[in-house]
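Below is one structure, written out as structure tokens; comments come after it.
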Amino acid sequence: MNHSLPVPDVLRSALAGLLDGLPPSQAAGAVDRLIGHYRGVVPTHAPVLRDRSDVAAYAAYRMPATFEAVRSALGAFRDATGPWTPATHTDIGGGTGAASWAVAEAWEDADTPVATTVLDWAEPALAIGRELAEASGLPGLRTARWERARIGSALTLERADLVTVSYVLNELTPDDRRTLVDAAAGAATGAVLIVEPGTPDGYARVIEARDRLIAAGLRVAAPCPHSAACPIEPGTDWCHFSARVSRSSLHRQIKGGSLAYEDEKFSYVAATRFTREPAPARIVRRPQIRKGQVLLDLCTAEEQLRRETVSKRHGTLYRAARDAEWGDPWPPHSAESPS
């Protein structure tokens with residue numbers, strides 16, 4: 001595959017190839033059934049992705065969104081951690097490898113590709129993950145190990161510099177969630193990244209995981225500017241962000257509508273065992289642009305939520321605010337915060 005293309009385009013092309021020969025109605029039916037499961041509240045005790053057609057359809061539908069969410073979270077993480085590069089990576093519950101694609105892209109220019117191990121208990125997902133990785137052209141993916149493992153309290157993890165857990169915790173019982181997060185913290189020699197859907201329940205799972213990571217001795221690198229308690233009062237709001245995803249024909253067939261994109265909402269926490277420089281503050285809602293001013297809702301290093309108004313009189317900072325996006329650090333590295 002032509003790796004001169006951007007990685008998201010390479011992924012979309014590889015996923016399109018999975019659907020060759022699969023009737024559109026069958027793909028749509030498989031996705032509908034699987035969405036119904038994943039939106040349920042009862043954790044599964046058997047692999048949800050039963051066969052190749054299930055995996056192909058669901059990967060084509062969901063993998064780009066998961067990739068973009070993890071990619072966005074890794075961007076914030078890397079802003080806080082600078083030149084740190086993981087040598088090894090474990091993708092827990094990685095399925096077809098969306099998070100591993102994001103990791104491979106993030107450190108694509110490293111002298112040595114990140115050595116990734118993907119763990120999942122659905123063999124059809126692992127098999128297609130291998131196929132997609134081979135088609136990627138990314139060295140870190142083409143040499144990845146794909147291993148079957150039951151994701152839960154019995155999981156045994158080898159040490160790794162970076163451990164990712166994306167869109168997995170909802171599939172586990174509360175006890176298994178806690179055990180898995182503790183295991184991830186214990187196995188990570190450098191950092192842990194946990195990503196969940198950007199819903200109130202997803203945020204609650206991320207906050208529980210965040211507390212356990214801090215208790216295990218890690219410190220938050222992103223999105224929070226601190227490792228103290230979250231300033232959001234439970235039940236009143238939730239912290240989440242948004243990543244833009246190009247919609248495939250399968251997306252449009254299932255969801256309807258004509259837009260070429262959709263926004264994936266996600267919650268996440270990234271924590272490290274090494275020195276990091278969290279953002280002074282983070283924009284936690286979409287900036288509101290008014291005439292001559294921009295309103296920014298911030299989570300700050302002072303462990304509080306604050307609205308900041310940036311007006312034209314702030315010069316370069318005002319121009320930066322107009323370009324700022326939901327989830328960005330604030331202020332930009334080259335600017336001063338208004339008084």
Side-chain angles (χ1 to χ4, degrees), residues 1-14 63-120 129-130 132-147 157-168 184-185 187-195 213 218-223 241 243 245 266 268-279 327-329 333:
M1 184 164 291
N2 182 3
H3 184 48
S4 62
L5 294 172
V7 172
D9 292 340
V10 174
L11 176 58
R12 281 193 293 274
S13 178
M63 196 173 171
T66 302
F67 166 78
E68 292 292 355
V70 177
R71 184 191 197 200
S72 180
L74 281 174
F77 168 77
R78 295 188 73 199
D79 282 345
T81 56
W84 181 80
T85 300
T88 54
H89 164 228
T90 298
D91 186 0
I92 300 176
T96 54
S100 294
W101 276 70
V103 168
E105 182 199 40
W107 287 283
E108 183 179 2
D109 295 331
D111 292 337
T112 303
V114 180
T116 286
T117 299
V118 183
L119 304 177
D120 202 273
R130 291 186 194 99
L132 293 171
E134 183 62 30
S136 72
L138 291 166
L141 283 175
R142 300 185 74 172
T143 59
R145 295 188 300 164
W146 302 78
E147 299 182 359
L157 297 174
E158 297 179 0
R159 304 280 275 175
D161 293 336
L162 173 66
V163 177
T164 57
V165 187
S166 60
Y167 292 79
V168 171
T189 59
V192 176
L193 172 67
I194 294 176
V195 184
L213 294 175
L218 288 84
R219 290 294 173 263
V220 176
F241 303 93
V245 185
F266 65 97
Y268 76 99
V269 61
T272 73
R273 292 194 179 279
F274 56 87
T275 301
R276 78 278 181 263
E277 296 183 12
D328 284 352
H333 296 304

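The first residue in the sequence is number 1, and the count goes up from there. Predicted model only: the values in this text are computed from it and were never measured.
V103 is listed as a side-chain neighbour of L162, based on a closest heavy-atom distance under 4.5 Å. Between L141 and T116, every side-chain heavy-atom pair lies at or beyond the 4.5 Å cut-off. Here the side chains of W107 and L74 are in contact, with some heavy-atom distance below 4.5 Å. With a 4.5 Å cut-off on side-chain heavy atoms, T272 and L218 do not count as touching. Side chains of W101 and V10 form a contact here, defined as non-hydrogen atoms less than 4.5 Å apart. Side-chain contact between L138 and E108 is present, with heavy atoms from C-beta onward closer than 4.5 Å. Side-chain contact between L213 and I194: present, with at least one pair of heavy atoms (C-beta onward) separated by less than 4.5 Å. In this structure the side chain of V163 reaches within 4.5 angstrom of the side chain of I92, judged on heavy atoms.
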| request: Show your working on side-chain contact (heavy atoms from CB on, under 4.5 Å) between E158 and T117 and close with a plain yes or no. | output: CA-CA 10 Å; E158 297 179 0; T117 299; 5.8 Å; no

| message | As a quick check of understanding, evaluate side-chain contact (heavy atoms from CB on, under 4.5 Å) for T275 and R219, giving each step before the final call. | response | CA-CA 9 Å; T275 301; R219 290 294 173 263; over 6 Å; no

| task | Start with the C-alpha distance between S136 and L11, add both sets of side-chain angles, then the distance that settles side-chain contact (heavy atoms from CB on, under 4.5 Å), and finish with yes or no. | result | CA-CA 7 Å; S136 72; L11 176 58; over 6 Å; no

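The two residues E105 and F67 make their nearest non-hydrogen contact at OE1-CZ, 3.8 Å. Contact detail for F241 and G327: the closest heavy-atom pair is CD2-CA, 3.4 Å.
Within the 3.5 Å criterion, the main-chain N or O of A191 finds no donor-acceptor partner in the side chain of R273.
T189 is linked by a side-chain hydrogen bond (donor to acceptor under 3.5 Å, both in side chains) to D161, counting only residues two or more places apart in sequence or in another chain.
Using modelled atom types, one finds a donor on one side chain and an acceptor on the other under 3.5 Å when comparing T164 with H89.
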